[in-house]
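Step one of this worksheet: look at the structure below.
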Amino acid sequence: MKRYKKYVMPYLAAFITGPIMMLTEVFGEVMLPKLMSLIINNGVANRDLGYIVRIGAVMVFCVILMAMGGTLGAYFSAKASICFTSDLRRDVFAKVQRFSFENIDNFSTGSLVTRLTNDIQQVQNVMMMALRMALRAPGMFVGALIMAFAINGKLALVFLIVIPVLLLLIVLILKTAFPRFEIMQKKLDRLNSGIQESLTNVRVVKSFVREYHEIKKFAGLNEDLKESSLSAMKIVIASMPVMMFAMNVTTLAIVWYGGNMIIAGNMQVGDLTAFTTYIVQILMSLMMLSMVFLQSSRASASLKRINEVMDTEIDLNDDTASRKDKKVEEGRVEFKDVSFGYGRENGESDKVLEHISFTAEPGQTIGIIGSTGSGKTSLVQLIPRLYDVSEGQVLVDGVDVREYSLKNLRNGVGMVLQKNVLFSGTVEENLRWGDEDAPMEELVEASESAQAHGFVSSFAEGYNTELGQGGSNVSGGQKQRLCIARALLKKPKILILDDSTSAVDTATEAKIRESFGKELKDTTKIIIAQRISSVQNADQILVLDNGTVIGHGTHEELLKTCEAYGEIYSTQMGQGVTA
């Protein structure tokens, strides 16, 4: 629990004040039955109106005190719990932002969303409840029990039978509830993942007329969550009748035996009235505690899932960065006998790259081509350390990338990923991800180089045009060009384009390549492409197949030495090629 101390300390006053204020409400609740018994035993019995008024005034004061204490207690409890979970949510989100690609691979997106929202909300709800009940329920239990024994010790002995039975029931309920709540949260993960996948890909769903399939799939996930929720809630539902039954049986027994005592002259009517109220308070306090423990069981399952995120060891960090102050200055890239596999702990069978070696000099253009699944994207992701090599070295400016700080290394590398992503906001706001302080002239210049300025200018709002989520209101080719412009604005020493002109027509792509030659003379450019025309003018071309380099050279050299390259060229250009 030391981890959570830092979330408590800034709001320690609220954490302390809330429960203390609830004690004032408890004081009033415990005193009111006794005051009422005095009115019945003395005021009513003796027809003493003045006594009734005096005790009544004290009761009014107690009610006012209770109202103030309850209101302030609820406010400070809410403040403490909301602030606690707000800071916790901030840190969990920050931790997720530091995750490497491999860390993220271990959690589904839907699961992370659930942990950041529903799980933390469960912790907040229980904390708020606990702060309100932490002293109130035990205080009411102890206070009412003392008052009950003070009124009639013999009659109060019944509690020595009822309370242990109820405590045993509470323990059994909690033992059954925890695993069911844990299962319920996992089912919620699956539902959120399904919703996210369906809504993100809604255009694909509609284009394939698969709405019914998605509705059916969602219904299955929803039904699964419903069954798990009902299974968990049965415990909550069952606990209430059990507690109420115990309360009513105890009250009935007290009234029966207390009535006999009144008839025998051993007890006053007002005392029995107060005693009956104290029975309700004692059993209600136990019910409140049982609900706190029950909800805590669900929150414990949520807290366990939050801890899984917080305890995840980030496998890519600056621990190995012996040259944290060094920045990428030239853009020289060298692969030395590099091998790589996802889930490296699983061994050789997971390798997607094996024994890759090449050097890209500053300002050169390197083309990478190969069939789907040949390892092209995996290769370039090693340069900015989105993943770490399994074997060998990746050097930038002669320095192992693991010796750079992640910030300095990635600031020197501009990357347009295979999946182009734009965010909600204006075109300008999206482009400024490359450089938030860049003057408008540089922003326009980068757009012109990426052949994006023309269509952006055609929009009524120009660079102030609002983009839908994921850039839904621009075409695939426009989205690619905006992503390229964003990377260019970064002024990187190394620019990686991962099949980022696939949705652009050949004429526009040629203009983009031409602008690269003029504007990015000193930038090392690594281009992954499916079309040979995109890379045939590169200084070097790598041909990958099943994670290995089967061809390396210029376009002309590869036509002579690499059969696979020649076949691709022949297929795309529609002509035979002789070695």
Side-chain angles (χ1 to χ4, degrees), residues 16-77 129-160 162-163 166 243-244 246-248 250-255 257-259 261-262 266-292:
I16 295 173
T17 305
I20 289 176
M21 287 294 102
M22 297 309 297
L23 278 180
T24 61
E25 189 176 28
V26 171
F27 174 78
E29 284 183 324
V30 172
M31 290 304 299
L32 284 177
K34 181 61 179 176
L35 294 172
M36 180 59 71
S37 72
L38 292 175
I39 289 177
I40 294 171
N41 292 339
N42 301 323
V44 175
N46 299 326
R47 297 184 180 181
D48 187 344
L49 183 61
Y51 184 85
I52 293 173
V53 170
R54 288 195 301 274
I55 300 300
V58 176
M59 292 180 72
V60 170
F61 173 76
C62 287
V63 169
I64 294 172
L65 189 66
M66 289 170 60
M68 291 176 58
T71 302
L72 290 173
Y75 169 75
F76 285 112
S77 297
M129 181 189 295
L131 287 172
R132 296 180 68 177
M133 303 299 179
L135 294 182
R136 187 175 188 271
M140 184 189 296
F141 177 82
V142 173
L145 196 61
I146 291 172
M147 295 299 289
F149 272 96
I151 291 173
N152 194 309
K154 290 183 179 179
L155 200 58
L157 290 175
V158 71
F159 294 124
L160 298 181
V162 176
I163 291 173
L166 289 177
M243 300 295 288
M244 291 301 296
M247 182 188 298
N248 291 327
T250 306
T251 304
L252 185 62
I254 294 296
V255 171
Y257 288 109
M261 286 183 177
I262 291 173
N266 297 325
M267 190 176 192
Q268 293 180 297
V269 175
D271 289 344
L272 181 59
T273 303
F275 201 97
T276 305
T277 305
Y278 288 132
I279 295 168
V280 175
Q281 289 184 355
I282 289 169
L283 298 179
M284 283 296 294
S285 65
L286 287 175
M287 288 181 65
M288 285 189 285
L289 285 173
S290 70
M291 289 305 298
V292 170

Donor-acceptor contact below 3.5 Å, side chain [X] vs main chain [Y]:
{"X": "Y278", "Y": "K34", "value": "yes"}
{"X": "Q281", "Y": "E29", "value": "yes"}
{"X": "T71", "Y": "M68", "value": "no"}

Please lay out, stage by stage, how D271 and I262 fare under the test side-chain contact (heavy atoms from CB on, under 4.5 Å). CA-CA 10 Å; D271 289 344; I262 291 173; over 6 Å; no

Quick one: side-chain hydrogen bond (donor to acceptor under 3.5 Å, both in side chains) partners of N42, sequence neighbours excluded? Y51

Write down the atom of [X], the atom of [Y], and the distance for their closest heavy-atom approach.
{"X": "F149", "Y": "L157", "value": "CE2-CD2, 4.3 Å"}
{"X": "S285", "Y": "A137", "value": "CB-O, 3.3 Å"}
{"X": "V30", "Y": "A144", "value": "CG2-N, 4.2 Å"}
{"X": "G139", "Y": "V26", "value": "C-CG1, 3.5 Å"}

Report, as yes or no, whether the 6.0 Å neighbourhood of atom [atom1] on [X] holds more than 12 heavy atoms from other residues, nucleotides or ligands.
{"X": "R132", "atom1": "CZ", "answer": "no"}
{"X": "Y257", "atom1": "OH", "answer": "no"}
{"X": "M36", "atom1": "CE", "answer": "no"}

So, applying side-chain contact (heavy atoms from CB on, under 4.5 Å) with V44, which one of I39, L49, L38, V269 is it? I39

From [atom1] ([X]) to [atom2] ([Y]), nearest 0.5 Å:
{"X": "I52", "Y": "R54", "atom1": "CD1", "atom2": "CZ", "value": "10.0 Å"}
{"X": "I279", "Y": "L252", "atom1": "CD1", "atom2": "CG", "value": "10.0 Å"}
{"X": "N266", "Y": "L155", "atom1": "CG", "atom2": "CG", "value": "11.5 Å"}
{"X": "I146", "Y": "I151", "atom1": "CD1", "atom2": "CD1", "value": "12.5 Å"}
{"X": "I16", "Y": "L131", "atom1": "CD1", "atom2": "CG", "value": "11.0 Å"}
{"X": "M59", "Y": "L35", "atom1": "CE", "atom2": "CG", "value": "6.0 Å"}

Sequence neighbours excluded, which residues qualify as side-chain contact (heavy atoms from CB on, under 4.5 Å) partners of F27? M31, L65

Please tell me if the side chains of T17 and L72 come closer than 4.5 Å, counting only heavy atoms from C-beta onward. no

How far apart are the C-alpha atoms of S37 and T273, what are their side-chain angles, what is the distance that settles it, and do they pass the side-chain contact (heavy atoms from CB on, under 4.5 Å) test? CA-CA 7 Å; S37 72; T273 303; 5.9 Å; no

One pair to check against side-chain contact (heavy atoms from CB on, under 4.5 Å): L272 and M267. What are the steps and the verdict? CA-CA 7 Å; L272 181 59; M267 190 176 192; 4.2 Å; yes

